[in-house]
Each structure stands twice: as C-alpha cells, then as structure tokens.
There are 2 protein chains.
Amino acid sequence: MFSQTVEYALRAVVHLADRSPAPQTTDQIAAATLVPKAYLSKVIQGLCRAKIVQSKRGVGGGVALVKSPSELTILDVVNAVEPIARIRHCPLGLKTHGVRLCPLHRRMDNALASVEDAFRQTTLAEVLAEPTQSHPLCEQRTKTKTR
Amino acid sequence: MFSQTVEYALRAVVHLADRSPAPQTTDQIAAATLVPKAYLSKVIQGLCRAKIVQSKRGVGGGVALVKSPSELTILDVVNAVEPIARIRHCPLGLKTHGVRLCPLHRRMDNALASVEDAFRQTTLAEVLAEPTQSHPLCEQRTKTKTR
DNA sequence: GGATAATCGGATACACATATCCACTTTCCA
DNA sequence: TGGAAAGTGGATATGTGTATCCGATTATCC
C-alpha cells in the first residue's frame, strides 16, 4: 500500500536522523538502507525540493536533515514524496451533492485519515529513541551492550 | 493509496449489494458506477475467482453477490482483489532479528493494521443503511423525500 | 588551478497497473 | 434449433512507478 519510493525515503531520512546532524553521502545512505543507489539519488532530490533535507556538492558534501529529528514527523516525509491522497470529493465526479462523501468513500477516507494521523504523531526522534532490540532499518549495527 | 482496481471493485460490489439479491449485468454495473466497462469485466472476473460474486452467462444472466450484504465486509472485497500488504518481516531482509520489526516498520505496519481493522468492521449492509443525503456511489438516484 | 569528490539532471529501460478490443462460449427463449 | 444476450479469455495498447547509466556541474583540498 505504501510505494517503494515512500519506503525508500523513510529509510533514508531515518538513517540521516540517526547520524544527525552529520551529513551523509548518497553512497553511505544507500549502503546503510539497502536502497539502489541510482534510484535513491532521485528520491533524495525530491526530499531536497520539499526542503526536508539539504544537499551539498563536492568533497565533504552529502545530504543532511534541515530540521532536527524531533521536529520532523513521518508524515512530513511521506507528504514530501507522495502525499496521502485523501478523498476530498466524490470520485465519480457527480455534483448531486457538494463536498459530502457517500458512506463508502467516507469510510475509505476515514481509513486514510487514520494513517495520516498515525504518521503525524510520530517524530523521527521517537522512532530512534524507542527501546527495542532491533535498531531502526534493521541494520547489522546492533547494540551489543544490551545483549 | 488505494488502487483504481480496489476502488472499482468496491463500487461494483456496493452496487450489487444495493440491488441484492437481483443479478446485474456488467453493462448495468458499469453504467451505475461509471467504471470503464471492459476493465470492469476483468475486475469482476477477479471477484468471481475469489468467490465474492458469482456470474451467470446467457440471457437473463449477470453478476450477483454470493453472500448477503450483511455478511460481506469491505475488507473481504479489498482482500479479494488486492490484499493489504501487511509488513510481516523486515523489508531490508536482514536476519539479525527474527520476526521483530524495527520501530519504523512497526509504525508503518500499525497504520496498515488500522486500515484493515476499519475495513473489517464495516459490512456492505452498513454502508447502504447509513442515513445520509448522499446515496452510496453518489448516483443521481437521490432520495428526494428528504429534501 | 588542477585533481578529486560529490550532487544534478536527462535519457533510457523495464515491469506492472490500467484500459480496450474482439473472437469465443454459454445460456435462454421464441 | 437458431438467434440474441451475456460472461470469458487472450492479445494488445498505454501510462506510470521503479531502476539504471552517464555526462555536466559544483565544491573542496592541495
């Protein structure tokens, strides 16, 4: 239900948050997130245009978050690359009623709203801070001290 | 976020439920739901294989629901044409931990679960029974008595 | 200022979702 | 028994998401 692009964008941003505020090169992000490098660069370009990250060319350059992980929600990232398509008017396009949705589409939109809400309520900092055995992104880099 | 196919399938099934238990021809369904007729027939074939509807050829034939609207949930229909892809293991494929999801994917899966739950809790009968000015599918066929 | 490191943007390839068309089969009924 | 109504399945087109490649551009360091 979530596109590959959204998945990749989230992985990249979570990795950047994990290393924040140090910039990471596309190569580094690709290696850590297991995202195809060439495609990742396109996804990052999108995040760049949406002002989620900023990039810097040349030696020592790379990509870094614009805001701090505690100020950035999952929804911010998702909306940047592929906004959740809420149903705002009848998909059949009939004008027999204005903005009012029929019961079917009302329920579909409610489901979309619940996803939006869940994503809006979680910051990247929270994702990283969560106590768990599995580090975000499931990298090998496990915390050996806890086990 | 929901594919066209899912949208079309739901429209078709809601229309069938609305006319239940009378069978409807593909032409009739297409006209009522504003779904491209040729594509709709493919979608219906899928619903047929999933035993959501049954079809009958020849004069007087058509498509009808297998179960009654009160026994059929939105989730049943969605799962028939394009099951909600829950995240059951780490998308990165690493085996550093078993079935445990990292915080990021845990949250994404929770969002999917909330959609699944919402769809599981609604039967087609409920969609049709809901008191509203706008009839399901937003058809012209409005209830003129309420306004 | 030249070598190197890095992103940017265009061109292209490929797979899959969406959509259309048509010949074929089944079923009913006159 | 023949014709009309209706779904079935295959072939094909089209669009979009995913993915790759590479030359151009920018920035840093020596």
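Computation of the quantities below employed the complete heavy-atom set of this structure, encompassing side-chain atoms and omitting hydrogens, waters and symmetry-equivalent molecules. Lettering of chains follows the sequences in order, A, B, ..., and the numbering in each one begins at 1.
For residues 53-73 of chain A, no residue pair satisfies the ring pair (Phe, Tyr, Trp, His ring centres under 6.0 Å) rule, not counting sequence neighbours. Sorted pairs that involve residues 42-75 of chain A and meet ring pair (Phe, Tyr, Trp, His ring centres under 6.0 Å), not counting sequence neighbours, are lacking altogether.
Annotation: the span from B:Leu16 atom CG to B:Leu124 atom CG amounts to 9.5 Å, rounded to 0.5 Å. From B:Met1, atom CE reaches atom CZ of A:Arg86 across 10.5 Å, with rounding to the nearest 0.5 Å. Between atom CD of residue A:Glu126 and atom CZ of residue B:Arg107 there is a gap of 6.5 Å, rounded to the nearest 0.5 Å. Expressed to the nearest 0.5 Å, how far OG of B:Ser114 lies from CG of B:Leu112 amounts to 7.5 Å. Distance check, rounded to the nearest 0.5 Å: CG of A:Leu75 to CZ of A:Phe119 gives 8.0 Å. Interatomic distance, NE2 of B:His89 versus CG of B:Asp109, reported as 11.0 Å (0.5 Å rounding).
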Please table the atom pairs, donor to acceptor, closer than 3.5 Å between any side-chain atom in residues 36-55 of chain A and protein atoms at least two apart or in another chain.
| residue | atom | partner | partner atom | Å |
| --- | --- | --- | --- | --- |
| A:Lys37 | NZ | A:Asp27 | OD1 | 3.1 |
| A:Tyr39 | OH | A:Thr5 | OG1 | 2.7 |
| A:Ser41 | OG | A:Ala38 | O | 2.9 |

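On the nucleic acid side, DNA chain D contacts chain B at distances under 4.0 Å to non-hydrogen atoms, with the end points of that region at D:dA4 to D:dG10.
Take the nearest nucleotide of DNA chain C for A:Gly61 and for A:Gln45: the residue whose nucleotide is more 5' is A:Gly61.
Side-chain atoms of B:Thr73 and B:Asp76 form a donor-acceptor pair, as typed in the model, at a separation below 3.5 Å.
End-to-end axis angle of the helix from C:dG1-D:dC30 to C:dA30-D:dT1, using five pairs per end and rounding to 10°, comes to 10°.
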- [ ] Go along nucleotides 18-30 of chain C 5' to 3' and tag each nucleotide: B for a protein heavy atom under 4.0 Å from its base, S when only backbone or sugar atoms are that close, - otherwise.
- [x] BBB----BBBB--

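C:dA17 atom C1' lies 17 Å from atom CE of A:Met1, rounded to whole Å.
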